[in-house]
Each structure stands twice: as C-alpha cells, then as structure tokens.
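All remarks here apply to the structure that follows.
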Amino acid sequence: MEGKSGILIILVILSALLLVAAIFFGVSFGIKLTVLVADYNVNLYLCIGCAGFFVLSALGAIIARNSVISADNTYDILCRIDAFLKEKGMSEADLARKDLSKGEKIAKKELQLRAKIQAKALKDVAAENKIAQIEATKQEAIEAAIKQDNAETQTVTEKVVAADVVKASEPEKPAVKEEINTISHEDWKAALEGKVKCGECGGNYSINKTKMGKIVLSCQTARREPDKCSAKAFVPIETFMQEFNSYYKEFYGNVLDKFDLEVMKKTISSVEIKNGKFYFKANSDAVE
C-alpha cells in the first residue's frame with residue numbers, strides 16, 4: 001500500500017510540472033518568445049507534447065489513487081474482521097472449521113437428495129413390474145375362462161347326445177354345426193363394438209384377443225368394477241356365432257351354411273347377454 005502511495009505522489013508532481021510546462025510553451029508561442037529556442041514555432045510543438053504527457057500522467061495518477069483507495073478499503077475490512085473475531089473470541093481457524101462444517105452439511109444434503117431420487121426410481125420400477133404382473137394375471141384368467149367355457153360346452157353337448165339316445169322315441173334333432181372363426185379381431189370389433197350389452201348391469205361388452213389368439217366377449221363393468229356386475233365369464237366368439245345362426249333360423253326361417261358377418265350386421269341392431277343367454281334385436285330395416 002505504501003508503494004502505491006509513493007507512485008501516486010510522483011505522478012501528481014509530474015502532472016503539475018507538465019501542466020506548467022505546457023502553459024509556459026503555449027504563452028511563449030503566443031507572444032513569439034524565442035528565449036529557449038531560435039524558432040518560436042517550436043514552442044507550439046513543445047506545448048502540445050507537454051499537454052499530451054500531462055494527460056497521460058493525470059490518468060496514471062487517477063488509477064494509482066483508485067488502487068490506493070481499494071487497498072485501504074481492503075485493509076480496513078480485514079482489520080474489522082480481525083477485530084470482530086477477537087471480540088467474539090474466535091480465530092481464522094475457527095472460521096475455516098465452520099466453513100468446512102457447512103460444506104459437509106451441504107454434501108450430506110446432496111447425498112440424501114440423491115438417495116431419495118434413487119428410491120423413487122426404484123419405486124416406479126416396482127410399480128411398473130406390478131402392473132405388468134396384473135396384466136399377465138388377467139390374460140391367464142381369460143385363457144382359463146375360455147378353457148372352462150369350452151369344457152362346459154363339451155359337457156353340455158355330451159349330455160344332449162345322451163338325452164337323445166335315451167329319448168329315442170322323440171324325433172331326431174339336427175346336430176348344431178360347430179362354427180370356426182375365420183374373421184379377424186379388428187373386423188369383430190368394428191362389427192360388435194357398442195352393440196353388445198350386458199343384461200345385468202347395462203354395460204358394454206368389449207371384444208378382446210387372448211395370447212392364444214382366441215377372440216372373446218367380456219363385460220367391461222365386471223372387469224373394472226367386479227362389485228357392480230357378476231357377469232365375469234368370458235364368452236367365446238364361436239358361441240356368439242352359433243347363437244346367431246340359431247336365432248337367424250328361428251326368426252327368418254332360413255338356415256345359414258356358416259356364419260356370415262355381413263348378414264349379421266344387416267339384420268341385427270343390438271345384442272343383450274344375460275345369464276349366458278343371447279337376446280338379439282333385429283334391425284327394423286332388415287325386417288321390412
């Protein structure tokens with residue numbers, strides 16, 4: 001700080017001398033004085049040179065002065081900090097320890113935050129796995145229901161055959177031809193979506209496809225809110241086809257060689273399924 005003050009003093013003195021010299025040479029040029037030089041015009045150049053150096057030295061003095069002020073302020077701040085520490089009975093080492101403790105707290109908080117983020121990520125993964133397991137369970141339930149329905153259908157068929165054998169006196173009824181579904185899942189959805197209702201809860205039946213490629217009808221209310229509807233059994237699309245063929249024969253008096261999706265769309269406006277029975281509502285335009 002003392003060195004900067006000395007430089008400031010030198011620059012101030014130099015600035016004053018250069019200013020006096022610039023004024024002297026300027027006046028000498030004005031009165032055409034030739035005491036120091038033979039040509040009074042030289043005084044003009046000397047005046048300009050001294051003025052230029054005066055400006056430079058003045059700028060240097062201003063910079064030096066600001067440096068001294070900054071140094072003084074810094075020194076004052078350090079002195080005040082030192083006095084404050086002495087008043088509180090502390091030292092710079094204590095401050096360093098406090099800063100270190102604060103840094104450790106910040107690092108600890110960051111570690112805790114990272115741990116929370118990782119825990120949340122693991123929780124999200126667990127939730128996704130749980131959802132996947134639920135979906136897999138649903139698919140297994142659908143396939144089990146289809147197998148059960150097929151088994152029940154086979155049992156009913158066997159009972160009907162046995163009854164026909166016992167009741168030989170009754171006229172023989174034509175066997176119901178088993179329908180084979182060759183229609184795509186998308187075509188079934190386009191034809192039946194919104195048309196098949198549940199007779200118990202009034203909800204819509206959806207058209208689903210299992211992992212085994214089977215197409216089934218299921219009540220959406222029973223699947224989503226089991227306490228509101230007990231129609232939890234899945235209906236194979238083949239059963240729907242057989243029931244429609246029977247309805248068509250009884251209502252129109254014609255026998256279809258096989259199920260025709262276009263005929264069904266033209267003749268049926270809606271279907272209601274209740275307690276395993278199908279109630280078809282004919283399309284008024286088709287009846288006419």
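Atoms considered below: every heavy atom in the structure, side chains included; atoms not considered: hydrogens, waters and symmetry mates.
Between Val271 and Lys195 there is no side-chain heavy-atom pair separated by less than 4.5 Å. Residues Val196 and Ile207 form no side-chain contact, since every pair of their non-hydrogen atoms from C-beta on lies 4.5 Å or further apart. Contact of the Lys281 side chain with the Glu272 side chain is not registered, since no non-hydrogen atoms from C-beta on lie closer than 4.5 Å. The side-chain heavy atoms of Ser270 and Lys197, taken from C-beta on, include no pair separated by under 4.5 Å. Counting heavy atoms from C-beta outward, Asn254 and Tyr248 have side chains that approach closer than 4.5 Å.
Partners of Glu110 by salt bridge (Lys or Arg N to Asp or Glu O under 4.0 Å), not counting sequence neighbours: none found. Applying the side-chain hydrogen bond (donor to acceptor under 3.5 Å, both in side chains) test to Ser206 and every residue at least two apart in sequence or in another chain returns Asn208, Ser218. Among residues two or more places apart in sequence or in another chain, the salt bridge (Lys or Arg N to Asp or Glu O under 4.0 Å) test is passed with Lys274 by none. Scored by the salt bridge (Lys or Arg N to Asp or Glu O under 4.0 Å) test, Glu193 finds no partners at all (sequence neighbours excluded). Remark: Lys189 engages no residue in a salt bridge (Lys or Arg N to Asp or Glu O under 4.0 Å) (not counting sequence neighbours). Every residue two or more places apart in sequence or in another chain was checked for a side-chain hydrogen bond (donor to acceptor under 3.5 Å, both in side chains) with Lys209, and none qualifies. Annotation: side-chain contact (heavy atoms from CB on, under 4.5 Å) contacts of Cys50 (sequence neighbours excluded): Ala21, Ala22, Phe25. Listed by chain and residue number, Trp188, Phe244 satisfy the ring-ring contact (aromatic ring centres under 6.0 Å, His included) test with Phe259 (two or more places apart in sequence, or in another chain). Ala191 meets the side-chain contact (heavy atoms from CB on, under 4.5 Å) test with Leu261, Met264, Lys265; sequence neighbours excluded. For Ala58, the side-chain contact (heavy atoms from CB on, under 4.5 Å) test picks out Ser15, with sequence neighbours left out. With sequence neighbours left out, Lys228 forms a side-chain hydrogen bond (donor to acceptor under 3.5 Å, both in side chains) with Glu225. Taking Glu128 as the reference, nothing meets the side-chain hydrogen bond (donor to acceptor under 3.5 Å, both in side chains) condition, with sequence neighbours excluded.
The distance from atom CD1 of Ile63 to atom CD1 of Ile7, rounded to the nearest 0.5 Å, is 11.5 Å. Here the CZ atom belonging to Phe240 is positioned 6.0 Å from the CD1 atom belonging to Ile237, to the nearest 0.5 angstrom. In this structure, CG on Leu113 lies 4.0 Å from CD1 on Ile117, to the nearest 0.5 angstrom. With rounding to the nearest 0.5 angstrom, the OG atom of Ser246 is 10.5 Å from the CZ atom of Phe278. Rounding to the nearest 0.5 Å gives a distance of 10.0 Å between SG of Cys219 and CZ of Phe234.
Around the CG atom of Asp124, the shell of radius 6.0 Å holds more than 12 heavy atoms that belong to other residues, nucleotides or ligands. The neighbour count for Tyr247 OH, taken as heavy atoms of other residues, nucleotides or ligands under 6.0 Å away, is above 12. Counting heavy atoms of neighbouring residues, nucleotides and ligands inside a 6.0 Å radius, atom CD of Glu250 does not exceed 12 of them. The number of heavy-atom neighbours closer than 6.0 Å to NZ of Lys232, taken from other residues, nucleotides and ligands shown, is above 12. The 12-atom threshold is not exceeded at OH of Tyr45, counting heavy atoms of other residues, nucleotides or ligands nearer than 6.0 Å.
A distance-only check finds no donor-acceptor pair linking the side chain of His185 to the backbone of Lys214 [under 3.5 Å].
When each of Thr182, Asn181, Asp187 is paired with Ser184, the side-chain hydrogen bond (donor to acceptor under 3.5 Å, both in side chains) condition holds for Asp187 and for no other.
For the residue pair Asn283 and Lys266, no side-chain donor N or O sits within less than 3.5 Å of a side-chain acceptor on the partner. When only modelled atom types and interatomic distance are considered, Ser230 and Glu200 share a side-chain donor-acceptor pair under 3.5 Å.
A pairwise comparison of heavy atoms in Gly203 and Thr221 identifies CA-OG1, 4.0 Å as the closest pair. Here the shortest heavy-atom pairing between Leu18 and Ser57 reads CD1-OG, 3.7 Å. Shown here for Ala231 and Tyr205, the closest heavy-atom pair between the two residues is CB-OH, 4.0 Å. Looking at every heavy atom in both residues, Asn43 comes nearest to Ser28 through ND2-CB, 3.4 Å. The two atoms that bring Gly194 and Asn204 nearest to each other are O-OD1, 4.2 Å, heavy atoms only.
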Open item on the list: As a quick check of understanding, evaluate side-chain contact (heavy atoms from CB on, under 4.5 Å) for Val255 and Asn245, giving each step before the final call.
Closed with: CA-CA 7 Å; Val255 178; Asn245 285 349; over 6 Å; no
